[in-house]
There are 4 protein chains.
Amino acid sequence: MPLDCRISTGSTTPIYRQLIDQIRLVVLRGRLTPGDRLPSVRSLAQRLVINPNTVARAYGELARDGVIESQQGKGYFVATKRQVYTRAHRRRRLAPLLEALVSEAALLDFSADDVTAALQEKLREYGLEPS
Amino acid sequence: MPLDCRISTGSTTPIYRQLIDQIRLVVLRGRLTPGDRLPSVRSLAQRLVINPNTVARAYGELARDGVIESQQGKGYFVATKRQVYTRAHRRRRLAPLLEALVSEAALLDFSADDVTAALQEKLREYGLEPS
Amino acid sequence: MPLDCRISTGSTTPIYRQLIDQIRLVVLRGRLTPGDRLPSVRSLAQRLVINPNTVARAYGELARDGVIESQQGKGYFVATKRQVYTRAHRRRRLAPLLEALVSEAALLDFSADDVTAALQEKLREYGLEPS
Amino acid sequence: MPLDCRISTGSTTPIYRQLIDQIRLVVLRGRLTPGDRLPSVRSLAQRLVINPNTVARAYGELARDGVIESQQGKGYFVATKRQVYTRAHRRRRLAPLLEALVSEAALLDFSADDVTAALQEKLREYGLEPS
DNA sequence: GTGGTCTAGACCACT
DNA sequence: GTGGTCTAGACCACC
């Protein structure tokens, strides 16, 4: 049972973004490993009852980011070389979100402990446990 | 030395948003206190070499949020009554930012400890110390 | 003790407006009756510690509206002919405020009973009792 | 027949405010339901013969208030989750409008009964019947 | 095609 | 002088 995605058409985040995020997570969690084949554009589109172009776009962007690779005529596969981001790159991507969170928290007069506690809870939700 | 703002026109975050964030912080830090007058729309625009409409938009949104107040023909002033929010309201406003942070952190394969450490650092930057 | 006004300089409503409203009310309530003399511009300004121009402006607008009358060299007096507004005029002035109230109440999902009850309370605050 | 708005350019209330009020009402009355698409900024501007920026401003403020939501590249849609306010919050938002109404009514020498009757009428106009 | 931002400049009302 | 509104037109990002 490879890749069970759940799409909500009513959401404000576009479908192709939902696909991208879910596939990235599936790969990250190791439920699909390097070399595994993804469902074909058409089959996934049919299963999720969405436009094949939308799936194609998600696959395309994932390929551009090096998460998956296309093999002409065969389909898309999880990339063999795992994407390695530099520490700096990863921090740079996280920074604005961290900034937004803390700035809003400060404005709302949350204490440092409140924010930290809320973060722990949300991390657990995402399966990220402290060591 | 009233309200030294720094605007980067090259940034992806729009100018009016940069203004809003900086003014919110200045008020939060107490460098401008209730009743203090802000620079006039036109003078600030001239100083930052941006369009007065852009400043007006930032001021307008801050006023809608209750951070500052306008007095016709006199200018903008830091709001006298500080906004009071309910616990539920505050959590509801923080939630999407927390969600965005952790979801991106998971995608980037950060450990729970990494995120927590980064949060602590940013909290300190904002003057929020753990008790 | 004629005309005890209370001015709040911190308020967002300009001082001259506060003066106008308070004097209108005092006349309306009959605490100053037609022919009564108002404090001189300079004495009232001194008492309230505000700019004489502000008092002059308030008096001027009240005179323009026919609430008070100036007698050259003698001072300002409550108008002898009481302003008579037509029913239509008065309703026209109240209408937009009524519209604003009910429209916001509807948006906030208040019941008709809630709004009516809140109105009764506020009317009592202003000394307007139902017959 | 989607969203018939009527704009009066002669009115003292700004166009963008008229738009906001009318759209709020249309949503409230259920003539547009959650998920429904609003006319595009440019098409509505063209239809009403006003500047697109004016429509954009109205849409933008409605979005900030959570009445509608924007989906990049797709358009504006009636918000799916209806805003939930606390009792205290709702009363706080209604208070200044109530104050304005009663204060003006007192100034115009309306009786408590007059104001109450006028309120009942307007409430009925908005479909709010007393229980 | 859609919304989002910014500029330039005009006119008004208020103080 | 101040803020408030509106117009005209440009450029970008996203879908």
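Just so we're clear, the structure is a prediction, and the values are computed from it rather than from any experiment. Within every chain, numbering begins at 1; the chains are lettered A, B, ... in the order of the sequence lines, protein sequences first and strands thereafter.
- Ile50(D) places its CD1 atom 11 Å from the P atom of dA8(F), with the value rounded to the nearest Å.
- A residue-by-residue look at Glu61(C) and Thr13(B) shows that Thr13(B) has its nearest nucleotide of DNA chain E further toward the 5' end.
- Proximity of Ser70(B) to the phosphate of dG4(F): a side-chain N or O atom is located under 4.0 Å from OP1 or OP2.
- The main-chain N or O of Gln18(B) is never found under 3.5 Å from a side-chain atom of Asp21(B) such that the two would form a donor-acceptor pair.
- dT7(F) atom P lies 10 Å from atom CG of Leu48(D), rounded to whole Å.
- Checking side-chain atoms of Arg37(D) against main-chain N and O of Lys74(D) turns up a donor-acceptor pair under 3.5 Å.
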Fill in the blank from the handout: Under the rule of Watson-Crick or G-U wobble with both distances under 3.5 Å, where | means paired to another strand and [ ] a crossing pair, DNA chain F maps to ||||||||||||||.

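- Of the residues near DNA chain F, Lys74(D) and Thr54(D), the one whose nearest nucleotide (by heavy atom distance) lies more toward the 5' end is Thr54(D).
- If you measure from atom CD1 of Ile15(A) to atom P of dC14(F), you get 18 Å, rounded to the nearest angstrom.
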Problem - salt bridge (charged side-chain N to carboxylate O under 4.0 Å, His left out) assessment of Asp109(D) paired with Arg90(C) - result: CA-CA 9 Å; Asp109(D) 204 20; Arg90(C) 291 161 71 225; 5.6 Å; no

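- Separating the CD1 atom in Ile68(D) from the CG atom in Leu32(D) is a distance of 10.0 Å, to the nearest 0.5 Å.
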Sub-3.5 Å pairs of nitrogen or oxygen atoms, protein against nucleotides 9-14 of chain E:
from: dG9(E); atom 1: O6; to: Asn53(B); atom 2: ND2; distance (Å): 3.0

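- Remark: side-chain polar atoms of Asp65(D) are not paired, donor with acceptor, to backbone N or O of Leu62(D) under 3.5 angstrom.
- Taking OH from Tyr59(C) and CG from Leu44(C), the interatomic distance works out to 4.5 Å, rounded to the nearest 0.5 Å.
- Distance alone, capped at 3.5 Å, places no donor-acceptor pair between the Glu104(D) side chain and the Arg93(C) backbone.
- Distance alone, capped at 3.5 Å, is enough to place a donor-acceptor pair between the Asn51(D) side chain and the Asn53(D) backbone.
- Atom CD of Gln46(D) is separated from atom P of dG3(E) by 13 Å (rounded to the nearest Å).
- Across the protein-nucleic acid pair, Phe77(D) atom CZ and dG3(E) atom P stand 9 Å apart, rounded to whole Å.
- Within 4.0 Å of Tyr76(D), counting heavy atoms only, lie sugar-phosphate atoms of the nucleic acid but no base atom.
- In this structure, Ile20(B) places its CD1 atom 14 Å from C1' of dG4(E), rounding to the nearest Å.
- Atom P of nucleotide dT5(E) and atom CD1 of Ile7(B) are separated by 14 Å, given to the nearest angstrom.
- Contact annotation: Ser40(B) reaches the phosphate of dT2(F) (side-chain N/O to OP1 or OP2, under 4.0 Å).
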Exercise for the section: Evaluate salt bridge (charged side-chain N to carboxylate O under 4.0 Å, His left out) for Glu61(A) paired with Arg64(A), printing each intermediate quantity in order. Expected result: CA-CA 5 Å; Glu61(A) 296 210 5; Arg64(A) 193 170 52 73; 3.8 Å; yes

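- Taking atom CZ of residue Arg37(B) and atom C1' of nucleotide dG3(F), one finds them 10 Å apart after rounding to whole Å.
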